[in-house]
Number of protein chains: 2
Amino acid sequence: MSITIKDVAKYANVAPSTVSRVIANNPRISDRTKEKVREAMKELGYHPNFIARSLANQSTQVIGLVTPGSSDVFFQNPFFPTVLRGLSEGAHENQYALQLVTGQNEEEIYNGVVQMVQGGRVDGVILLYSKVEDRILMYLRERNFPFVMIGKPFNFVEEITHVDNDNAQAAKDATDFLIELGHERISFIGGDENLVVTVERLTGYENALTQASLPYREDYILHQSFLLEGGQDAVCELMELPLMERPTALVVADDLMALGVLNTLNELGISVPEDISILSFNNVLTSEMARPPLSSVDINIFNLGYNASKHLIERLKNPEVPVKRVIIEHEIVKRFSTEAPVHK
Amino acid sequence: MSITIKDVAKYANVAPSTVSRVIANNPRISDRTKEKVREAMKELGYHPNFIARSLANQSTQVIGLVTPGSSDVFFQNPFFPTVLRGLSEGAHENQYALQLVTGQNEEEIYNGVVQMVQGGRVDGVILLYSKVEDRILMYLRERNFPFVMIGKPFNFVEEITHVDNDNAQAAKDATDFLIELGHERISFIGGDENLVVTVERLTGYENALTQASLPYREDYILHQSFLLEGGQDAVCELMELPLMERPTALVVADDLMALGVLNTLNELGISVPEDISILSFNNVLTSEMARPPLSSVDINIFNLGYNASKHLIERLKNPEVPVKRVIIEHEIVKRFSTEAPVHK
DNA sequence: TTGTAAGCGTTATCAT
DNA sequence: ATGATAACGCTTACAA
């Protein structure tokens, strides 16, 4: 058994409550007593028991992290470790710990969240994704449990504190960038259609086309899951178009997918950027590693995580803070996968 | 405030202790009462409070995860998400939750571990790395706190349950593979020398050379941190050797590093596998994505994590289980970066 | 400024 | 088979 507050109290000849107050640095305890108690704590090697404290306080100083149902895919993506680093840093600065909800599918994860929340294991929750219909979000909302979302909520945008990029704008910027290079046939390869980020980026892409009076073609729009193979399938589809209708540039929703695209093009003998330009999203390590290095929209993943932690904790410390929408800036990082088209 | 065991007790007209026994499915409670109590729990939407339970039980059902001090680098590596998936699955199957120790440097992480452990936040700990001198390991060992290590402990191998590959054998197999292809000048590009895995793999490499009576050259051994740029520097060094002394094959300790190597070779106009073969480790997504796809030693990262969870939990459930050394199999996955040398 | 005691929601021991 | 009650280690009125 460990050293408890009582042991310290005895050792320092004070009451347990006094020790507790010293820990909390309560100003109404005399400096002499504080000194004495702190001495005793050192001497005995005392460490406060978080569990007991949590029970008394009704607060654990732990944040629950929720990944999307398809965690295996999500984990593969370099997005995850980076956002986790941000979350971790934000949490650590405020002495919060991070706990992962585990589970194989959405059902298991949902149950995990319910247990965490009702079981009082966590003070708040961060959703690392945003999708169209989400039981977990609904649940948290109904219970009025503190949570922050990374991404833009599909519903209740005004009621849910979230940290996000302006993905519509980012996709518009990306598309504009290609248009300004002179491209007119631009394809959009997006991710899972149930993710809000996909929807938003598609909107931005469309807006850019409209504004530039370029035609919008259904068969230029492809949706694949956020993974390598997705990129490969997509390319094959596009390359079945008649030569003169094939896109000269691609907006790809994810670096990993873009890498799949790149490899497939490579195998088909189509070269980047000479024959086709690629502009992707996320700017993870992958984009630098690719040959040619990919131009990519840097969405500042670390900051996404960092701010999510910060704002959730702020809310936990002061439940009065209003709902916030935090937008993290994005930036196009030009590398070597985007050039002007060799005209028609 | 939430529904407690007392509310359920009242609603079902029994004592709180009875409710508790129903939760534990204690056989000495009549089926009728169980039925009645369960009904009440459903009716009221009761969920047990983990914190209170933890306090009473002196056990949290939470496992602490410790990453190496240089977490930022570690997080970047695809190793991390994969091992996490394995850990998560093993934990989930046994209803354990995972909590991350956060911190920027080794000092902070050490303090985090101490707090976690002494604060009673976790029942056991998994170290996701193994390094040469490790305060954290020493601390856990001295306190006799349950933990499992992924990797091979530098000291006390017989006393510490760990899950590992046979890295020496794996590196020997890798080197042998190249030797059998006909290579005689083989370089080893390893990672951080403070990591035990690096040491082990180097040993395996040396053994292979010795057994094949190939000379061991200091200048063929390079150590870089486990990252992309590391690979680049390493290549430059090797390519400064006189033409006829340059290695024809490379054993690279990590896929990510191998990718750096590959790109640099590419830029130098050296082609793989024609001019130089590359065999790397880990077989993460990266190795498939590379061009040419990299031959790699699959070390079964997922299983590493899965078994670590399993064995720690086994130990937690039954403190009597003896120390174990669990070896996860490895396998060379041949792709296109390894060929026989164009013999000079 | 400090001590006493109740309470946080469980579990477990001892009665009955 | 079930109920009372103490205990887990801490916090926080309320007293002194």
Side-chain angles (χ1 to χ4, degrees), chain A residues 1-41 44-62 95 115-123, chain B residues 1-41 44-62 95 115-123:
Chain A
M1 195 89 327
S2 262
I3 308 292
T4 78
I5 219 172
K6 287 186 189 166
D7 301 320
V8 176
K10 242 169 237 158
Y11 192 90
N13 263 311
V14 295
S17 53
T18 302
V19 177
S20 172
R21 289 184 185 114
V22 172
I23 295 171
N25 201 13
N26 186 320
R28 306 191 314 192
I29 299 290
S30 75
D31 286 354
R32 249 192 90 248
T33 309
K34 278 185 184 171
E35 207 44 54
K36 191 172 58 177
V37 171
R38 292 203 177 110
E39 188 58 34
M41 298 196 310
L44 298 175
Y46 169 78
H47 280 261
N49 181 312
F50 274 104
I51 302 300
R53 178 180 277 192
S54 300
L55 187 57
N57 285 333
Q58 302 286 72
S59 137
T60 57
Q61 299 268 110
V62 176
Q95 327 263 46
Q115 275 201 12
M116 252 193 180
V117 168
Q118 315 257 28
R121 274 200 208 251
V122 296
D123 293 345
Chain B
M1 195 90 326
S2 260
I3 306 295
T4 80
I5 219 172
K6 287 184 189 168
D7 300 320
V8 177
K10 242 170 237 159
Y11 191 92
N13 263 310
V14 294
S17 49
T18 303
V19 177
S20 174
R21 285 190 266 251
V22 173
I23 294 171
N25 201 12
N26 186 316
R28 305 192 314 192
I29 298 289
S30 74
D31 285 355
R32 247 194 91 246
T33 308
K34 278 186 184 171
E35 205 46 53
K36 192 172 57 177
V37 171
R38 291 202 178 111
E39 186 60 34
M41 300 198 307
L44 298 176
Y46 169 78
H47 281 260
N49 181 313
F50 274 103
I51 302 300
R53 178 180 280 189
S54 300
L55 185 58
N57 284 334
Q58 301 288 69
S59 136
T60 59
Q61 300 266 111
V62 177
Q95 326 264 47
Q115 275 202 15
M116 250 191 182
V117 169
Q118 314 257 30
R121 274 199 208 252
V122 297
D123 294 344

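None of the values given here were measured: they were computed from a predicted structure. Chain letters run A, B, ... following the sequence lines, proteins first and then strands; every chain starts at 1.
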> Below 4.5 Å, heavy atoms only, C-beta onward: do A/Arg53 and A/Asn49 meet side chain to side chain?
Replying inline: no

> Could you state the NZ-C1' distance from A/Lys6 to C/dA5, rounded to the nearest angstrom?
Replying inline: 11 Å

> With a 4.0 Å cut-off on heavy atoms, is B/Val14 in touch with a base, just the backbone sugar-phosphate, or nothing at all?
Replying inline: sugar-phosphate

> With a 4.5 Å heavy-atom cut-off, do B/Ile5 and B/Ile23 have their side chains touching?
Replying inline: yes

> A/Arg121 versus B/Val62: any side-chain heavy-atom pair under 4.5 Å?
Replying inline: yes

> Where the side chain of B/Asn57 meets the backbone of B/Ser59, is there a donor-acceptor pair that is under 3.5 Å apart?
Replying inline: no

> Do B/Gln61 side-chain atoms and B/Gln95 backbone N/O form a donor-acceptor pair below 3.5 Å?
Replying inline: yes

> Are B/Thr18 and D/dG3 close enough that a side-chain N or O sits under 4.0 Å from OP1 or OP2?
Replying inline: yes

> Rounding to a whole Å, what distance do you find between A/Gln115:CD and C/dT10:C1'?
Replying inline: 16 Å

> Could you give the distance from OG1 (A/Thr18) to CD1 (A/Ile29), rounded to the nearest 0.5 Å?
Replying inline: 5.0 Å

> Going by number, which of residues 21-35 of chain A have a non-hydrogen atom under 4.0 Å from DNA chain C?
Replying inline: A/Arg21, A/Arg28, A/Ile29, A/Ser30, A/Thr33

> Tell me: CE of A/Met41 to P of D/dG9, nearest whole Å?
Replying inline: 17 Å

> In whole Å, what is the span from the CD1 atom of B/Ile5 to the P atom of D/dG3?
Replying inline: 13 Å

>> Rounded to the nearest 0.5 Å, what separates atom CZ in A/Arg38 from atom CG in A/Asn25?
In response: 5.0 Å

>> Given A/Thr33, which partner from the list A/Val19, A/Val14, A/Asn13 fulfils the side chain to side chain contact (heavy atoms under 4.5 Å, CB included) test?
In response: A/Val14

>> Any residue in residues 44-57 of chain A with a heavy atom nearer than 4.0 angstrom to DNA chain C? Just list them by number, or reply none.
In response: A/Leu55, A/Ala56

> Please give, in whole Å, the distance from D/dG9 C1' to B/Gln118 CD?
Replying inline: 15 Å

> A/Arg121 CZ to C/dT10 C1': how many Å, rounded?
Replying inline: 14 Å

> Could you give the CD1-to-P distance, from A/Ile3 to D/dC10, as a whole number of Å?
Replying inline: 10 Å

> In terms of heavy-atom contacts, does NZ of B/Lys10 have more than 12 from other residues, nucleotides or ligands at under 6.0 Å?
Replying inline: no

